[in-house]
Amino acid sequence: RYAKSGERLDLLNGKEVELDSDTLIIADGGDNPLAIAGVMGGIDSGVTESSTAIVLESAFFSPKVIMGKAKKYAVSSDSAYRFERGVNTNLQCFAIEYVADLIIKYCGGKLNGYNYNTNNILTNKAIHLSFDQINAKIGQDIPISTQQNILMRLGFNYHVFNDALLITPPSSRFDINIPEDVVEEIARVYGYNNIEPIMPTAIYEIKSIDTDYDLLIAYKQKLQMLEYNEIVSYSFIEPQYEEMLGNKDVNVVKLLNPIAGLGIMRTSLVAGLIKSLIYNINRGHKQVKCFEIARVFYGEESNHQPIKLSGLAYGMRYLPSWCNKHELIDFFDVKQDVLKLLSDVDNIEFVASNTIDILHPGRAAFIMVNGDMIGFIGQLHPRLSQNLDIIGDAPYIFELDFDKLVSNQKMIKYLEVSKFQKVGRDLSLIIDRSQNIGEVLMLIKSINVPYLIDVFVFDVYLGDNIDKNKKSIGLSFVFQGFKTLVEDEINKSMNIIIDLITNKFQAILRK
């Protein structure tokens, strides 16, 4: 039986041990422990010089039950050494009879009785194999008669049905369980030196690179060219970082066994970037630009573990030198980096938002593609920057959904380059101060004004001579065609733009 937790036993080596409930023991008729099965007997059941009656016991104990018990109780014995490794399951009857015979023959003893329990004798299971399979696995044609001779010499019982073999290993070979074990035995006895070494023939089919993986590598290369350094952070983070910087719209996955306080699977890559930033600031870096592409975890199922692409920019726009001003990175620097990164995506729009918890109101936006939100961009909220003890201006961050980027890839088009002169026109407008200039630019680009190839903001003015609820913006327009443009053609295009802006945004032309 198994020991009862807390039972004690004095072993033959004089050591008293307290038994655990997973320890198999041999007990007497009064249910008292006599021995740790397969390891060591107890002193109360030991043989002394005055012993006149001896009980012999021979058993088979499963290695799984005996394994580790000698180490647990800090004892060493030949019994434990054998039983931990396994013994012949059919040897017990022969062994006990042989010992009894030796005692009777040399010590004058008398056999008073015996009791055999052979109901649970284990037998090795039969293995199905064929001679062809053996030769195929060894890689050489070994005569059938040779294979049969080897099996017979090893003590295997086998029956041949045409080419099929039904093989039963001897009880002493409890390590033979699968066809490969039999093949190994035949090869070993046949002699490895008799097997001719032949290089295997392999046919490889080179598959095309996964397009998603190819795109992921392309994004990494673009960010590296934009001077961002890749980081690889842990997939699990501290609960306080998740609370501050995680995605509040999903249920977090908690670790059953947290490592060094890292008990939450991340729901955003921002925490890893912020931790990397703090590490670098503490070591004197004035400019930090880093990114990571990895999975986040909205659940334990694979379809709730999307890949995100996240980046961070902090500190000075350029490292100090005699020709560079000490200017700090701002929202538009990071926005420009995102636009360059997404040069292969059409219809990108930045929609200002004050609802992103971790970002500074007024300096944050959702990134939209064809009306679908694919990520966000903005400056870390001052409250979080203060709580994290970030020195200086708060960093700017962005995060994108990689799967949505894959689905919004555009086909590359090659266009003829015009050799004719470009023509520029400027326009100054007064619009509502709350009006998003990006919306103005997006609308102008969407109507396909003839010959217009580019439009951008060159000036924004807030101050004297302007109503406090208004702002002045300066827009630059670039026109080009596959011919020399005349004044009337450019004026017609400009009039289309002016009518659109004045009607849609109630803009006033500034003289």
Side-chain angles (χ1 to χ4, degrees), residues 216 219-220 223-224 228-283 285 287-315 329 334 337-338 341 353 355-360 363-364 366-367 373-405:
L216 186 146
Y219 280 141
K220 284 188 178 185
L223 285 165
Q224 288 163 354
Y228 285 78
N229 295 300
E230 184 178 7
I231 70 165
V232 178
S233 62
Y234 287 118
S235 297
F236 29 85
I237 59 175
E238 298 89 339
Q240 61 267 29
Y241 274 97
E242 175 61 31
E243 185 178 349
M244 285 190 290
L245 303 168
N247 187 335
K248 304 299 189 297
D249 297 328
V250 298
N251 295 322
V252 298
V253 178
K254 297 181 180 180
L255 297 181
L256 294 177
N257 299 299
I259 302 172
L262 307 176
I264 304 293
M265 300 301 292
R266 63 190 176 196
T267 59
S268 169
L269 301 181
V270 173
L273 297 174
I274 294 295
K275 291 173 70 174
S276 180
L277 169 67
I278 294 171
Y279 181 90
N280 282 277
I281 290 176
N282 291 340
R283 281 151 184 80
H285 290 275
Q287 181 194 71
V288 177
K289 297 178 77 175
C290 55
F291 77 93
E292 183 171 15
I293 302 179
R295 291 192 182 278
V296 296
F297 301 86
Y298 300 159
E300 297 185 37
E301 299 79 15
S302 59
N303 60 336
H304 291 155
Q305 299 173 7
I307 298 176
K308 297 286 186 177
L309 186 161
S310 191
L312 175 147
Y314 164 86
I329 290 171
V334 181
D337 289 341
V338 172
L341 176 67
S353 173
T355 62
I356 306 174
D357 292 341
I358 66 172
L359 299 184
H360 191 314
R363 300 182 185 179
F366 289 114
I367 304 173
M373 197 270 287
I374 66 166
F376 60 81
I377 180 174
Q379 188 177 31
L380 187 68
H381 198 289
R383 167 179 47 82
L384 295 176
S385 183
Q386 183 178 5
N387 292 342
L388 293 165
D389 295 326
I390 296 175
I391 301 170
D393 211 23
Y396 288 87
I397 54 180
F398 64 87
E399 187 162 276
L400 303 167
D401 189 316
F402 180 75
D403 292 332
K404 290 184 178 180
L405 293 179

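A quick note: this is a predicted structure, and the numbers were derived from the prediction, not measured. Residue numbers run from 1 in the order of the sequence given.
Between Ser235 and Arg266, some side-chain heavy-atom pair lies under the 4.5 Å cut-off. At least one side-chain heavy atom of Leu245 sits less than 4.5 Å from a side-chain heavy atom of Leu380. A heavy-atom distance below 4.5 Å is not found between the side chains of Gln379 and Leu359. Between Asp357 and Lys248 the shortest side-chain heavy-atom distance falls below 4.5 Å. At a threshold of 4.5 Å between non-hydrogen side-chain atoms, the residues Leu277 and Ile281 count as touching. A heavy-atom distance below 4.5 Å is found between the side chains of Pro395 and Ile390.
Separating the CD1 atom in Ile358 from the OG atom in Ser385 is a distance of 12.5 Å, to the nearest 0.5 Å. With values rounded to the nearest 0.5 angstrom, Leu341 atom CG is found 6.0 Å from Phe398 atom CZ. In this structure, Ile264 CD1 and Tyr241 OH are separated by 14.5 Å, a value rounded to the nearest 0.5 Å. Separation of atoms CZ (Arg363) and OG (Ser353) is listed at 15.5 Å; rounding is to 0.5 Å. Separation of atoms CZ (Phe291) and CG (Asp337) is listed at 12.0 Å; rounding is to 0.5 Å. In this structure, CZ on Phe402 lies 8.0 Å from CG on Leu309, to the nearest 0.5 angstrom.
Scanning all heavy atoms of the two residues, the minimum distance from Gly263 to Pro239 falls at N-CD, 4.3 Å. The minimum heavy-atom distance between Leu269 and Ala294, with the atom names listed, is CD1-N, 3.9 Å. Scanning all heavy atoms of the two residues, the minimum distance from Thr267 to Gly246 falls at OG1-CA, 3.4 Å. Residue Val334 comes nearest to Tyr396 through the heavy atom pair CG2-CB, 3.5 Å, listed as atom of the first residue, atom of the second, then distance. Between Ser268 and Glu399 the shortest heavy-atom distance is OG-OE1, 3.1 Å. Nearest heavy atom pair, residue Ile231 against residue Ser276, reads CG2-OG, 3.8 Å.
Crowding of Tyr298 atom OH: a count of heavy atoms from other residues, nucleotides or ligands under 6.0 Å exceeding 12. For Gln224, the CD atom counts as densely surrounded, since its 6.0 Å shell holds more than 12 non-hydrogen atoms of other residues, nucleotides or ligands. A 6.0 Å sphere centred on CG of Asn387 holds more than 12 heavy atoms belonging to other residues, nucleotides or ligands. Dense packing is recorded around CD of Glu301, with more than 12 heavy atoms of other residues, nucleotides or ligands lying under 6.0 Å away.
The backbone N or O of Ser233 lies less than 3.5 Å from a partner atom in the side chain of Glu292, making a donor-acceptor pair. Judged by distance alone, with hydrogens and angles left aside, the side-chain atoms of Lys220 form no donor-acceptor pair with the main-chain N or O of Ile293 at under 3.5 Å. No side-chain donor-acceptor contact under 3.5 Å links His285 to the backbone of Gln287.
Between Lys254 and Glu242 there is no salt bridge, since none of the side-chain N atoms of the basic residue sits less than 4.0 Å from a carboxylate O of the acidic one. Salt bridge Glu238/Lys275: present, at least one basic N to carboxylate O contact under 4.0 Å. Taking 4.0 Å as the cut-off between side-chain N and carboxylate O, Lys308 and Asp401 count as a salt-bridged pair.
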Test log, rule side chain to side chain contact (heavy atoms under 4.5 Å, CB included), inputs Ile377 and Leu400
CA-CA 9 Å; Ile377 180 174; Leu400 303 167; over 6 Å; no
Show your reasoning for whether side-chain hydrogen bond (donor to acceptor under 3.5 Å, both in side chains) applies to Tyr314 and Asp393.
CA-CA 8 Å; Tyr314 164 86; Asp393 211 23; over 6 Å; no
Stepwise, does the side chain to side chain contact (heavy atoms under 4.5 Å, CB included) test hold for Leu388 with Ile278?
CA-CA 8 Å; Leu388 293 165; Ile278 294 171; 4.2 Å; yes
Could you go through Leu273 and Ser310, starting from their C-alpha distance and side-chain angles, then the distance that decides it, and tell me whether this counts as side chain to side chain contact (heavy atoms under 4.5 Å, CB included)?
CA-CA 8 Å; Leu273 297 174; Ser310 191; 3.2 Å; yes
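For the pair Arg295 and Phe297, the NZ or CZ position fails the cation-pi test of under 6.0 Å to the six-membered ring centre and within 45 degrees of the ring normal.
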